Amino acid sequence: MNPDSAKTQTKDNTAFHSLDTAEVLKRLSSREQGLTKEEASQLLERYGKNVLKETQTKSLLAKFLEQFKNVMIFILLAAAVLSGILGEWTDTVIILLVVILNAVLGVIQENRAEQALEALKSMSSPQARVRRGGQVTEIKSEELVPGDIVLLEAGNVVPADVRLLETASLQTEEAALTGESLPSDKQAGVLEGHDLVLGDRTNMAYMSSSVTYGRGVGVVTATGMETEVGRIAGFISEAESDVTPLQKKLDELGKYFTFIILGVCVVIFAVGLLEGRELLDMLLTSISLAVAAIPEGLPAIVTIILALGVQRMAKRKAIIRKLPAVETLGSTEIICSDKTGTLTLNKMTVEKLYVDGQKVDAGASIAGLRGSERLVQAMTLCNDSSIDEGKAAEQTKSGKAIIGDPTETALVDYALSIGTDKRELEKQYPRKGELPFDSDRKLMTTIHEVEDGKFRVLTKGAPDVLLSRCSHIYAYGEVIPLTEEHIRQITENNKALADEALRVLAFAFRDQDQLPADRAPEQTEQELVFAGLAGMIDPPRDEVRDAVAVCRKAGIRPVMITGDHRDTAAAIAIRLGIIDDDSSVLTGRELDKISEEDFAGRVSDYSVYARVSPEHKVRIVKAWRQKGKIVAMTGDGVNDAPALKAADIGVGMGITGTDVAKGVSDMVLADDNFTTIVVAVEEGRKVYSNIRKAIQFLLSANLGEVLTLFIATMIGWRILEPIHILWINLVTDTLPALALGLEKAGDDVMSKKPRKSSSSIFAGGVGVGIVYQGLIEAALTLFVYYWAHTHYNEGVAVTMAFATLGLLQITHAFNVRSNTRSLFQIGWFTNRYMLGASVISALLLVLVIIIPGLNEWFGVSHLSGLQWGIVCGAAAAIVVLVELVKLGLRISGKSKNWD
């Protein structure tokens, strides 16, 4: 193989559509059996991975400078400059250190977010089915190289630019490239004209377009940046930079705080001047007040808490793709979930068969039943799944890895378990034509040559539809006319199988002497011979029933949406505890008869939807949202994209989901498990709760500082310097606030109703807590200063006030762990991060007082044992006082409205 010649062709795709398939394969040094692993490896090394180049990432310096685009940071910088002008260089240095530390934390977080995004892209890397060395296998699309033979089917995203070699009713959606909103019909023939526009190259399929119908086989002609889509700048490098509702609220909060504090500073400055105080003294006091009031660490702390929550979710198989989903999850009230693979295992197995007028278990021998051979033949050959010889699979009966649709793989697996190998059967009866399955016909048909000049049409599909296309039945070892009695027996057995929560497929055939010239469904799928039924089950996940119970307790309503029959859907839903009886089940046909307005009023009457189309899913989501509910919607198919977009949270399936479905989702389930959605909701509630705790802690601490300085200034005390406030904010705010972000969820986090997305951050006692706890901090600090001022010199009084305020905030962090529950209920040592943060913060506070030289720089002095005792006693007093408030709330019964 000559890699250079192949590469030349990948740079000019326009030639491939005008070449026949043999010439295309020759030009790419490939063959219908595909490249060997060695050839593919050499080409991958030559061309690199099949990925588009990302947009240029920002430099560390640019990221660092962006951290300063904040009103609160501007105020601090202004304070630093002003302090320097006034000769207070110590204050200037400390302020700058605080600002720089915040900026560094922001850069670290941004880098971690980028790394998490890269990890996500790696986890959700699209897969491609290819022929390598004659074997069909799945590989990451990034490993594709020119010359690879790719297999495409409905739901796939085309992984590279390909020249089609075979097609069966293939259609692709190419709006991103051509602007055409309708899907493009594809074929494998040669096209004339070298300068055809993309939309007219019907024998080509392009990277990132999606297969909406049919299936096909093609050879890769270009990968990565050499593809057509690679020429569209930034097509897939969308910035994940959504500003969340919470972040907007925090930005507004910061601005309000800034303007309020600036006003207070101006008032204090003016009052001081009117009272005849020195200009320098009042400037420093105003700077102290501004520094005390501004929660400069709040944005960074909230961002870090969110990032930690996203990482925890990722570890629990919930991959957050869009940051707003973290907050919205905590408000989720409705979870609309697909059944297959999410509520169930997505490991379909054949459980029962109906053949030759008898219903038998799949585990029993069917060798003696007349007609069983034709039934197994239809199950195996009218089937697009394939056996991967190089892999084993524990979940299949046969132990073979089977690639394809779960229903079809179950049929092939069953056949293997009774000794019928699809590969051998295909050699004996080669496929000569097909009509792919589609959701409108609900049928699939293949045509096989059974002997020279003889052909057999094999059809499978929904029993009610297939039965209407049958005129005969294979019974008693021969083909006989289908009677009303036969139809009644088939219908009864179909219902009996469905009542057992089995998914039922019907199978039929027709022998003819020649290959059908007209293969339209209207002609091909008529006058069929009924062969039998197969009942399959996708067992419910054991853990889902418990998850459904948790949902109900948490005020979340699970809604099951499925394409299965009403009886099957109801049986599964009852087993899972979603419904108690089938009165809450609505079919798609019934839904079509209900007007939009009527359905919006009646949507709460139904928890299970059966036999629905993608359009119905959108109606269901919109109806719930019209009632003001926050809706999460799961989906895995191309046609689920509208419903995923319509929901507040679109949840894609990481394993079975198509690339299109995952691409429009806010969250991807790495294990396709409904329980993971519930876990994510729990984490979402926990993240929001912890953010509120951090906000309450920071703002109550800042309010305590502001009140202390304000009251002291009005009295005429010079209680704390800007450097003192900055050091307290640096060492006692940041670490405890982060520790609150790692607080474990309360046992009752999933026992409460979802919060409204419009609810205030200060609801549930947070606002009241900020006020009364800030007042307590100020009162205790002022009391210690007053006592020290009357017993010792000014230096000791300032030092004791400094130490008291710092230790108060450290001990107060323990209070904020709950607004109603006692610390003795929660446990002092249940958050080891809080213990570590408290010890480190206390040490940093104490060290600047006891280390010679350092204390002089900070303008503080040594304290005696008695003085330290008074300081520690005041710091402990806030815990006692807040505990008394909590006790009062619990006794009065008002605690249910808090926390």
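Numbers here simply count residues along the sequence, with the first being 1. Remember, predicted model here, so these are calculated numbers, not experimental data.
Residues Thr349 and Ile537 form a side-chain contact, since some pair of their non-hydrogen atoms from C-beta on lies under 4.5 Å apart. When side chains are defined from C-beta on, Leu466 does not count as touching Glu525, because their heavy atoms never get closer than 4.5 Å. Using a 4.5 Å cut-off on side-chain heavy atoms (C-beta onward), Arg129 and Asn156 make no contact. Two residues are said to be in side-chain contact when any heavy atoms from C-beta on lie closer than 4.5 Å; Ser29 and Glu39 fail this criterion. Between Leu425 and Gln377, the closest side-chain pair of non-hydrogen atoms falls below 4.5 Å. Contact annotation: the side chain of Leu443 approaches that of Arg469 to within less than 4.5 Å [non-hydrogen atoms, C-beta and beyond]. Annotation: side chain of Glu143 is not in contact with side chain of Asp148 (no heavy-atom distance under 4.5 Å). A heavy-atom distance below 4.5 Å is not found between the side chains of Leu152 and Thr172.
Heavy-atom minimum distance, Glu527 versus Arg510: O-CD, 3.4 Å. Residue Thr634 comes nearest to Asp338 through the heavy atom pair OG1-N, 2.8 Å, listed as atom of the first residue, atom of the second, then distance. Listed here is the closest heavy atom pair of Ala160 and Ala222: CB-O, 3.4 Å. Contact record, Val450 with Phe455: CG2-N, 4.1 Å, taken as the closest heavy-atom pair. Nearest heavy atom pair, residue Leu533 against residue Ala506, reads CD2-CB, 3.6 Å. Nearest heavy atoms, Ser385 versus Thr409: CB-CG2, 3.9 Å.
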With side-chain contact (heavy atoms from CB on, under 4.5 Å) as the criterion, how do Lys454 and Asp513 come out once you've worked through the C-alpha distance, each side chain's angles and the decisive distance to 0.1 Å? CA-CA 5 Å; Lys454 302 287 185 180; Asp513 294 333; 2.8 Å; yes
Start with the C-alpha gap between Lys622 and Glu596, add the side-chain angles, then the distance that decides, and say whether side-chain contact (heavy atoms from CB on, under 4.5 Å) holds. CA-CA 10 Å; Lys622 287 184 175 179; Glu596 296 288 343; over 6 Å; no
After noting the C-alpha distance and the side-chain angles of Leu191 and Met204, does the key distance pass the side-chain contact (heavy atoms from CB on, under 4.5 Å) rule? CA-CA 10 Å; Leu191 298 174; Met204 299 289 297; over 6 Å; no
Audit row: Phe530, Leu467, side-chain contact (heavy atoms from CB on, under 4.5 Å) steps and yes/no: CA-CA 7 Å; Phe530 183 82; Leu467 198 55; 4.0 Å; yes
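Listed for the Thr221 side chain is a donor-acceptor partner under 3.5 Å among the backbone atoms of Asp161. The backbone N or O of Leu416 lies less than 3.5 Å from no partner atom in the side chain of Thr420, so there is not a single donor-acceptor pair. Side-chain atoms of Asn50 do not come within 3.5 Å of backbone N or O of Val145 as any donor-acceptor pair. With Glu434 contributing its side chain and Pro436 its backbone, the two residues share no donor-acceptor pair below 3.5 Å. In this structure, the side chain of Lys49 does not engage the main chain of Leu44 through any donor-acceptor pair within 3.5 Å. Here the side chain of Thr227 pairs a donor or acceptor atom with the backbone of Gly224 at under 3.5 angstrom. With hydrogens and angles disregarded, no donor-acceptor distance shorter than 3.5 Å links the side chain of Arg31 to the backbone of Gln33.
When each of Val219, Val150, Ile149 is tested with Arg131 by the rule side chain to side chain contact (heavy atoms under 4.5 Å, CB included), just one qualifies, namely Ile149.
For Arg163 and Phe16, the positive end is not near the middle of the six-membered ring at less than 6.0 Å and at most 45° from its axis.
Here His448 contributes atom NE2 and Cys382 contributes atom SG; the two are 6.5 Å apart, rounded to the nearest 0.5 Å. Note that OH of Tyr609 is 11.0 Å distant from OG1 of Thr587, once rounded to the nearest 0.5 Å. Distance check, rounded to the nearest 0.5 Å: CD of Gln127 to OG1 of Thr137 gives 9.5 Å. Between the CG atom in Leu435 and the CE atom in Met444 there is a gap of 9.5 Å [rounded to 0.5 Å]. Note: Leu644 CG to Met633 CE = 6.5 Å, rounded to the nearest 0.5 Å. Between Thr202 atom OG1 and Lys186 atom NZ the span is 6.5 Å, to the nearest 0.5 Å.
Salt-bridge formation is detected for the pair Lys460/Glu408: a Lys NZ or Arg NE/NH1/NH2 atom is positioned less than 4.0 Å from an Asp or Glu carboxylate oxygen. With respect to the salt-bridge test (charged N to carboxylate O, under 4.0 angstrom), the residues Arg431 and Glu426 do not qualify. Using a cutoff of 4.0 Å between basic side-chain nitrogens and carboxylate oxygens, Asp421 and Lys427 are not scored as salt-bridged.
Under the 3.5 Å distance criterion, with hydrogens and angles disregarded, no donor-acceptor pair is assigned to the side chains of Thr167 and Gln187. For Gln171 and Asp185, the side-chain atoms include at least one donor-acceptor pair closer than 3.5 Å. The closest side-chain donor-acceptor pair between Arg503 and Thr407 falls under 3.5 angstrom.
Within 6.0 Å of CZ in Arg589 there are 12 or fewer heavy atoms belonging to other residues, nucleotides or ligands. Counting heavy-atom neighbours within 6.0 Å of Glu32 CD, excluding the residue itself, gives a total of 12 or less.
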